[in-house]
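Read the structure below first, then the notes.
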Amino acid sequence: MTAAWLWPLVPLAPLLAGVALLVWRARATPWLALACLPALAMVFLQPPPLDLAWLWEGERWGHGDELSRAWLGFTALLWGCASVFGASSLAADARQLRFWCFWLLALAGNLLLIIASDALSFYLGFSAMSLSAYGLVAHLGGPEPRRAGRLYLQLAVLGELLLLAGLLLRSHAAGGDFSFAAWERVPLDGTTLFLLFLGLGLKAGFWPLHLWLPLAHPAAPAPASAVLSGAMLKAGVLGLWRCLPEADPLLAAWSAPLLVTGMFGALYAVLLGLCSSRAKATLAWSSVSQMGWFLMVLALAWRHPAQASALATLLVLYGVHHGLAKGALFLAAGLCHEGRLRWPGWLLLSVPALALMGLPLSSGGAVKTALKDAWSASAYSIWQPWLSLGSAGTALLLLRALWLLRRDAAHAPARPPPLAQRLPWALLSSLPLLLPWLWPQLRLPLLASLSLDGVWKLLWPLLLAATLATLAVRVGWSVPPPLRERRSRALGLSLRIARLLRRPPLPELRLRPDPARWRRGERRWSRLCARRALPFSAWLLAALLWLGWLW
């Protein structure tokens, strides 16, 4: 029981690091990665879950199964490596303290939602992570980051409202119980499922809820893009898996449309990503495509509840593999702006990209083999050719991302990148080759893929993509202007929303206030807020708790 009380250290460690940041300021930034150590320690210590029913019914932190610990482990490792990378890349940034405050809040929320076994704890962590990520997206300033941050924040708030409504309806159906374990026995209704899918799908970036993602990733700093794509997107997938029951007739009925949606999203994002001319934008479209694959795994699990345990394993394996590999590629995008890599560095950089393509003897090859086996055993085995087409599209998109990274590196300074950035990046880049031999859950599908037929199934989409990419380079192919215009029209909705938020269609008041009077009023208002904010927040929280108790 004593060991169970170590679980609160997981989300509290980043908050304590924030206190150290306020005290020691820039001197504390090289040590912020230590905030991830309690989460990594929980993976190996394996303490029992902690019941906190004295706060509210059903509250529980910690999961005893190995796969939940794996999700916590890869998230903490990715945040830790990105923290070390960011401490070096942002060392000369005058606004780095503001960045790290948002960073630590988002980290605390991300870790809390992973260890939460009840809906309220999950929602608190999810909200803290989602809203704090705005500071990461808009950190660099300028028109593009501000536009991307504004669109992200608007959709994040919308997602929070939809998610809260869905969680409240789900809790009401369970008799006021917020525990995920109790929700497994409660059937779903269409309204609740629709709200939860929209609220969590906006964060996960499923098509057509991906509007913010291609704009946010290119605008954010490299370490922020790494955790946004590698860890935060997976929060939506994890929420859908935990909030929805494994066996439900409504989910089974929705599985076919969701499978088609995931398949279309995976292919659609590849086509738009190939039209992109920036490396981080191409990697962002790759993330949209990969989230389509996650949606397909969820749809298979809901269609075949008897295989839910095996597909849950596949979901976690896919999350670990994609999170670490995509995090390494986004850090590489930042690395290519800091200095020039030599040929061993480029060889290491290609490892996570090849793993995402499904290279044999890598984590990607093991995951793709497990996914194809699950697909063949499902009711949708007739759609197997579309799976291979999606793999070829993924490989082609990542080859373009590598080509764009090579182009960016040609304009970088002639010096090598700093060692403090190369080391965490090298660790993440090598894990797709090391992880299958260190983790038995990933080793089994890896060994199953080593047959002649299994290797050929993994290699032919990669060889097809390499052939097409070579032909494109030889003939000097570039994206035609009509395709660029169509891509702009495909992004038209997100651009219109961003334009609307930047210039609201409201009558503009042409006033000429006195600057000195305006500054005096602003100082007066700031002093009033500083005095009254805490009492007002306390009274508001007490009123909300009282109303919730009455309800």
Side-chain angles (χ1 to χ4, degrees), residues 67 71 159 162-163 166 170 180 183-184 187-210 213 233-270 286-323 358 367-391 393-394 445:
L67 297 179
W71 200 286
L162 294 171
L163 175 59
R170 193 83 179 112
F180 290 143
W183 289 8
E184 287 291 331
L188 275 170
D189 61 273
T191 303
T192 304
L193 178 56
F194 183 72
L195 290 172
L196 289 175
F197 189 81
L198 286 181
L200 293 167
L202 277 168
K203 172 53 63 181
F206 298 138
W207 181 89
L209 306 174
H210 65 286
L213 207 151
L233 290 184
K234 313 299 185 302
V237 177
L238 185 64
L240 286 173
W241 184 259
R242 288 189 175 160
C243 293
L244 304 179
E246 294 179 358
D248 190 271
L250 184 61
L251 282 176
W254 281 40
S255 63
L258 291 177
L259 191 70
V260 173
T261 302
M263 181 78 69
F264 179 81
L267 299 175
Y268 164 87
V270 166
S286 173
S287 294
V288 176
S289 177
Q290 292 296 315
M291 296 318 294
W293 292 92
F294 277 97
L295 184 56
M296 286 187 270
V297 175
L298 289 172
L300 288 178
W302 294 334
R303 179 64 178 83
H304 301 281
Q307 303 177 15
S309 178
L311 288 168
T313 303
L314 173 60
L315 192 68
V316 176
L317 295 180
Y318 207 155
V320 173
H321 148 69
H322 178 264
V367 169
K368 288 292 177 69
T369 300
L371 177 58
K372 290 181 178 179
D373 291 343
W375 195 290
S376 301
S378 71
Y380 306 111
S381 56
I382 193 173
W383 294 359
Q384 190 80 20
W386 290 98
L387 198 67
S388 300
L389 180 62
S391 298
T394 298

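Counting from 1, the numbers follow the sequence of the chain as shown.
Considering CD of Gln290 and CG of Leu295, their distance stands at 13.0 Å, rounded to 0.5 Å. Taking CG of Leu198 as the start and CG of Leu202 as the end, the distance is 6.5 Å to the nearest 0.5 Å. Between the CG atom of Leu267 and the CH2 atom of Trp207 there is a distance of 11.5 Å, given to the nearest 0.5 Å. Here the CG atom belonging to Leu258 is positioned 8.5 Å from the CG atom belonging to Leu298, to the nearest 0.5 angstrom. Between atom CZ of residue Arg170 and atom CG of residue Asp189 there is a gap of 8.0 Å, rounded to the nearest 0.5 Å. From Leu200, atom CG reaches atom CH2 of Trp241 across 14.5 Å, with rounding to the nearest 0.5 Å.
Surrounding CZ of Phe264 are more than 12 heavy atoms belonging to other residues, nucleotides or ligands, all under 6.0 Å away.
In terms of heavy atoms, Leu314 sits closest to Ala370 at CD1-CB, 3.8 Å. Ala253 and Pro257 get closest at one heavy-atom pair: O-CD, 3.7 Å. Residues Thr192 and Gly166 come closest through the heavy atom pair CG2-O, 3.6 Å. The shortest heavy-atom contact between Met296 and Ala266 is CE-CB, 4.3 Å. Of all the heavy atoms in Leu209 and Phe197, the pair that sits closest is CD1-O, 4.2 Å. The minimum heavy-atom distance linking Cys243 with Leu196 is given by the pair CB-CD1, 4.3 Å.
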Q: Begin from the C-alpha positions of Leu233 and Phe294 and carry the test side chain to side chain contact (heavy atoms under 4.5 Å, CB included) through to its verdict.
A: CA-CA 11 Å; Leu233 290 184; Phe294 277 97; over 6 Å; no
Q) Does the side chain to side chain contact (heavy atoms under 4.5 Å, CB included) test come out yes or no for Phe206 and Leu240, once each step is laid out? A) CA-CA 12 Å; Phe206 298 138; Leu240 286 173; 3.6 Å; yes
Q.
Is there a side chain to side chain contact (heavy atoms under 4.5 Å, CB included) between Tyr318 and Lys368? Walk through the geometry before answering.
A. CA-CA 9 Å; Tyr318 207 155; Lys368 288 292 177 69; 4.2 Å; yes
Q. Can you check side chain to side chain contact (heavy atoms under 4.5 Å, CB included) on Trp71 and Lys234, steps first, answer last?
A. CA-CA 9 Å; Trp71 200 286; Lys234 313 299 185 302; 3.3 Å; yes
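With a 4.5 Å cut-off on side-chain heavy atoms, Leu250 and Pro187 do not count as touching.
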